[in-house]
Amino acid sequence: MNALGQFVYYRTYSRWLPNEGRRETWKETCRRAVEYNVQLGVRHTEKIGFPVDYEWHRNEAELLFDNMFNLRQFLSGRTLWVGGAENGVAEKYPLSNFNCSFVNIRSWSDLGDLFYLLMVGTGVGFKVTKAFAAGLEPIRTNTTLLHSEYEPVPESARYEHSVLRDMENGYAKIYVGDSKEGWVESLRIYLEILTESRYEHIHTVKISYNSVRPNGARLNTFGGTASGPEPLREMFEGIDNVLKNRIDPSLRDMVHVWDDYGHPTEYAYARPIHILDIANLIGNNVVVGGVRRTAEIALFDADDYECIFAKYGINGIWDAEKHAKVIAKTRALGLEKEAQFLESLPLNDPNARPLHHRRMSNNSIAFESKPSREMLNLIFEMMQGEGEPGFVNLEEARRRRPNAEGLNPCAEILLDSYGVCNLTTVNMMAFVEEDEPGYDELLEAQRLSARAGLRMTLAELELPHWNAVQQRDRLLGTSLTGVKDALAACGIKEWQEASLLEELGKAAREEADNYAKKLRVSSPLLVTTVKPEGTLSQVAGGVSSGLHWSHSPYYIRRIRINAADPLARAVIDLRWTVNPEVGTQGGTYEERMTNARTHVIDFPVASGATRTKEDVSAAEQLDTYFAFQRHYTEHNSSNTITVRPHEWSEVERIVYEKWNEFTAVSFLALDGGTYALAPYEAITKEKYEELAAALKPFDPAVLHRYETDGTSDLDGADSCEGGACPIR
């Protein structure tokens with residue numbers, strides 16, 4: 001590993017070893033995760049009563065370990081973090097291994113599932129359509145919500161699970177348990193009180209948080225530190241405000257249920273925007289102790305303008321011309337009410353719509369049929385100024401998978417409701433040998449990736465209805481990274497690239513089918529994908545992420561970390577280039593470093609790229625996406641298309657004309673300028689060599705000097721491992 005890889009590894013995957021008083025080494029992480037993965041196959045074979053070929057499994061483990069240790073391929077980042085951990089987290093919470101999940105919100109209990117999945121670190125896609133909302137039980141909007149003063153009890157006296165005490169005179173009290181399950185149970189109980197007839201006598205709900213461990217206390221199972229009860233309290237307050245229409249003044253009230261005498265009752269029907277707000281409030285709560293575990297994508301109807309405009313203007317509206325165009329295009333579609341709403345928003349006021357919880361999800365329109373050119377034009381106009389909403393072509397998703405209901409937050413996995421996927425990766429750049437591709441070794445790694453992924457489907461999930469879908473579908477996500485760097489290094493032409501992708505896709509599919517027969521399980525429904533690969537591409541030394549081009553032949557990659565993390569203090573001792581985050585108060589560098597809550601660390605990277613994202617048009621990026629869709633990917637290829645100002649109309653035309661091949665990508669305006677401490681900054685070869693020569697090797701002993709209890713966190717980790725989606 002180079003310095004970038006070492007730093008990202010220690011920040012993201014290296015677990016604290018209490019008995020050793022230090023963090024793991026890369027060798028120990030690889031061994032732990034590999035043994036967990038291969039043992040899933042051993043235990044499954046034992047369970048079904050077939051003889052186990054222990055020698056084959058030992059060889060399999062050695063091959064996977066060797067490839068991982070030498071950065072040729074990887075298990076999922078989630079499994080690198082939890083697989084085989086000393087506290088049994090992967091056995092207690094098997095869903096914590098899975099990058100991706102999706103749920104249709106058809107019942108209030110589905111929001112409890114969403115909460116649970118976010119709590120264990122899984123990214124969640126959810127769909128909130130008008131039809132789904134109409135099928136939800138009506139919910140009471142007239143209850144009073146109270147909170148007990150927080151007086152934490154000793155650990156021995158804490159409830160582990162939440163408890164409901166139904167008092168007399170219409171009063172009930174929820175005691176929140178001090179566990180992931182306890183937090184989720186408290187939400188489930190609260191929603192049951194508001195929706196089930198057996199609780200109609202309850203008019204006042206009081207919540208006690210005294211069992212919740214205080215802010216800063218150790219989280220023993222997943223690592224990091226606790227947030228205390230305040231985020232949970234804010235979640236319940238937020239939900240209460242949603243139901244009473246206090247959270248967004250632009251929304252009309254919920255429609256109340258009428259009784260047989262023509263009078264409105266205490267029950268009302270929620271709309272998709274209310275479910276979106278509640279799901280976002282849940283996500284906002286699940287940002288615990290710096291271990292950021294909230295990645296959501298919300299899908300909604302193409303005519304649900306409350307959801308389409310849900311995030312419009314929450315960052316302030318800074319471009320009056322673009323805003324005027326959005327209003328005009330909205331009115332041209334006959335949406336007068338929506339146009340008037342947009343006209344009511346003030347310019348240049350970031351506090352005009354203080355709906356910060358809505359930042360928690362990527363919002364995307366789920367098209368069931370091809371949109372009109374006018375509708376697509378409106379969406380692209382909004383994306384230029386706002387970045388969202390995105391959009392998904394469910395028609396194409398269902399051609400690839402007939403029962404596809406949605407996607408995960410980074411949009412690479414096609415999922416049914418209650419579906420999950422665990423992703424594996426092959427680093428193509430590691431198989432370049434003297435400017436020639438090592439085809440045989442690369443194909444063998446791809447087969448191994450498929451076997452490792454299939455073994456992950458053998459884990460029995462803790463939520464039975466999710467486990468049933470997992471056992472039925474056994475989705476794999478065999479991904480590739482370093483693609484463009486490897487192809488450039490080998491001088492591979494476009495037609496050769498297509499042929500290689502087909503070989504890699506075929507190798508994964510055939511191996512998955514053959515291994516499924518050996519394990520006596522159903523063949524995986526879908527096998528191949530391309531994920532963003534942000535973190536693992538950095539562990540591999542900064543190779544080009546997924547199917548994207550590198551930033552530059554030579555560049556600085558900047559990584560952010562909580563200033564209180566012992567790792568941040570260690571790299572300062574090593575005299576690496578460390579800066580306080582932009583905006584930190586102070587007149588001198590020393591003062592700003594003292595005041596900084598976040599440190600920004602510079603890493604010089606030599607990509608070896610002959611063409612970079614600055615050289616590639618948006619049209620060519622889309623061509624690459626469509627090529628992967630045709631030649632390699634069974635799911636979807638996660639891709640961020642960077643668009644120059646003059647390219648938006650062409651991108652819109654390509655998407656419209658190739659709609660039948662398009663599933664989903666992310667569009668991002670390409671910033672041609674530079675700004676302070678940007679994540680990537682192009683530099684010259686000479687500057688790279690100067691910076692690389694000055695960068696001391698990472699010394700774990702320096703980290704050991706500062707770390708005594710393993711309370712580091714993932715604050716700033718822009719990746720699936722931390723629960724965030726790296727593409728938006």
Side-chain angles (χ1 to χ4, degrees), residues 15-23 81-82 84-96 112-113 115-121 145-168 171-193 202 204-237 282 285-293 462-463 564-566 707-715 723:
R15 295 194 70 90
W16 176 254
L17 301 176
N19 295 335
E20 302 286 338
R22 61 173 175 83
R23 296 195 202 191
W81 175 236
V82 303
E86 78 288 338
N87 51 19
V89 57
E91 286 76 16
K92 185 176 182 181
Y93 301 104
L95 276 164
S96 65
D113 285 5
F115 191 8
Y116 178 82
L117 286 155
L118 291 175
M119 288 289 283
V120 299
L145 178 66
L146 303 173
H147 307 276
S148 297
E149 287 298 316
Y150 180 54
E151 297 177 355
V153 300
E155 184 175 353
S156 60
R158 293 174 190 162
Y159 289 113
E160 180 181 358
H161 294 275
S162 290
V163 174
L164 172 64
R165 291 188 181 165
D166 190 348
M167 311 296 194
E168 297 178 354
Y171 177 90
K173 193 167 185 179
I174 301 172
Y175 294 83
V176 180
D178 186 43
S179 63
K180 290 175 177 56
E181 296 90 338
W183 281 38
V184 174
E185 289 160 358
S186 68
L187 176 64
R188 293 190 191 277
I189 292 169
Y190 181 62
L191 293 174
E192 287 170 2
I193 290 172
I202 295 174
T204 301
V205 179
K206 193 169 189 179
I207 302 178
S208 168
Y209 306 95
N210 291 346
S211 286
V212 175
R213 70 190 73 185
N215 180 27
R218 180 82 183 273
L219 296 173
N220 297 318
T221 305
F222 278 83
T225 53
S227 64
E230 193 57 33
L232 192 61
R233 175 175 175 150
E234 290 175 1
M235 181 191 78
F236 281 116
E237 285 283 358
I282 292 169
N285 170 34
V286 189
V287 181
V288 181
V291 186
R292 187 180 177 201
R293 292 194 297 271
E462 60 269 38
L463 299 181
D565 192 303
E707 189 166 45
T708 59
D709 61 358
T711 55
S712 60
D713 58 44
L714 296 179
D715 191 21

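None of these values were measured; they are calculated from a predicted model. Only heavy atoms go into these numbers, but all of them, side chains included; no hydrogens, no water, no symmetry mates.
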**Q.** Intermediate values then yes/no, side chain to side chain contact (heavy atoms under 4.5 Å, CB included), N87 and R15
**A.** CA-CA 11 Å; N87 51 19; R15 295 194 70 90; 3.6 Å; yes
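- For the atom pair E185 CD and I174 CD1, the distance stands at 11.5 Å (nearest 0.5 Å).
- The ring pair (Phe, Tyr, Trp, His ring centres under 6.0 Å) test with Y190 is passed by exactly one of W183, F115, F236: F236.
- The aromatic rings of H147 and Y209 lie parallel to each other, with less than 30° between the two planes, well short of the 60° mark.
- Separating the CG atom in D113 from the CG atom in L187 is a distance of 10.5 Å, to the nearest 0.5 Å.
- M235 CE to S186 OG: the interatomic distance, rounded to the nearest 0.5 Å, is 5.5 Å.
- Here the closest heavy-atom approach between residue I202 and residue V205 is recorded as CG2-CG2, 4.0 Å.
- Here NZ of K206 is found 13.0 Å from CZ of R165. Values are rounded to the nearest 0.5 Å.
- When all heavy atoms are compared, the tightest approach of P214 to P152 is CG-CB, 4.3 Å.
- Listed for the N285 side chain is a donor-acceptor partner under 3.5 Å among the backbone atoms of L232.
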Q.
What verdict does the side chain to side chain contact (heavy atoms under 4.5 Å, CB included) test give for N210 and Y150, after you've listed the backbone C-alpha separation in whole Å, the side-chain angles of each residue and the deciding distance to 0.1 Å?
A. CA-CA 6 Å; N210 291 346; Y150 180 54; 4.0 Å; yes
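- Using modelled atom types, one side-chain atom of S162 and one backbone atom of G177 make a donor-acceptor pair closer than 3.5 Å.
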Q: Just do the side chain to side chain contact (heavy atoms under 4.5 Å, CB included) check on L95 and Y116 with the steps written out, would you?
A: CA-CA 10 Å; L95 276 164; Y116 178 82; 4.0 Å; yes
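- The shortest non-hydrogen separation linking K173 to S208 is CE-CB, 3.8 Å.
- Remark: side-chain polar atoms of Y93 are not paired, donor with acceptor, to backbone N or O of M119 under 3.5 angstrom.
- Between R158 and S211 the shortest heavy-atom distance is CD-O, 3.2 Å.
- Within the model, atoms CD of E181 and CD of E462 stand 8.5 Å from one another, a figure rounded to the nearest 0.5 Å.
- Rounded to the nearest 0.5 angstrom, L145 CG and R233 CZ are separated by 8.5 Å.
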Q | Full working for side chain to side chain contact (heavy atoms under 4.5 Å, CB included) between V82 and V120 | A | CA-CA 10 Å; V82 303; V120 299; over 6 Å; no
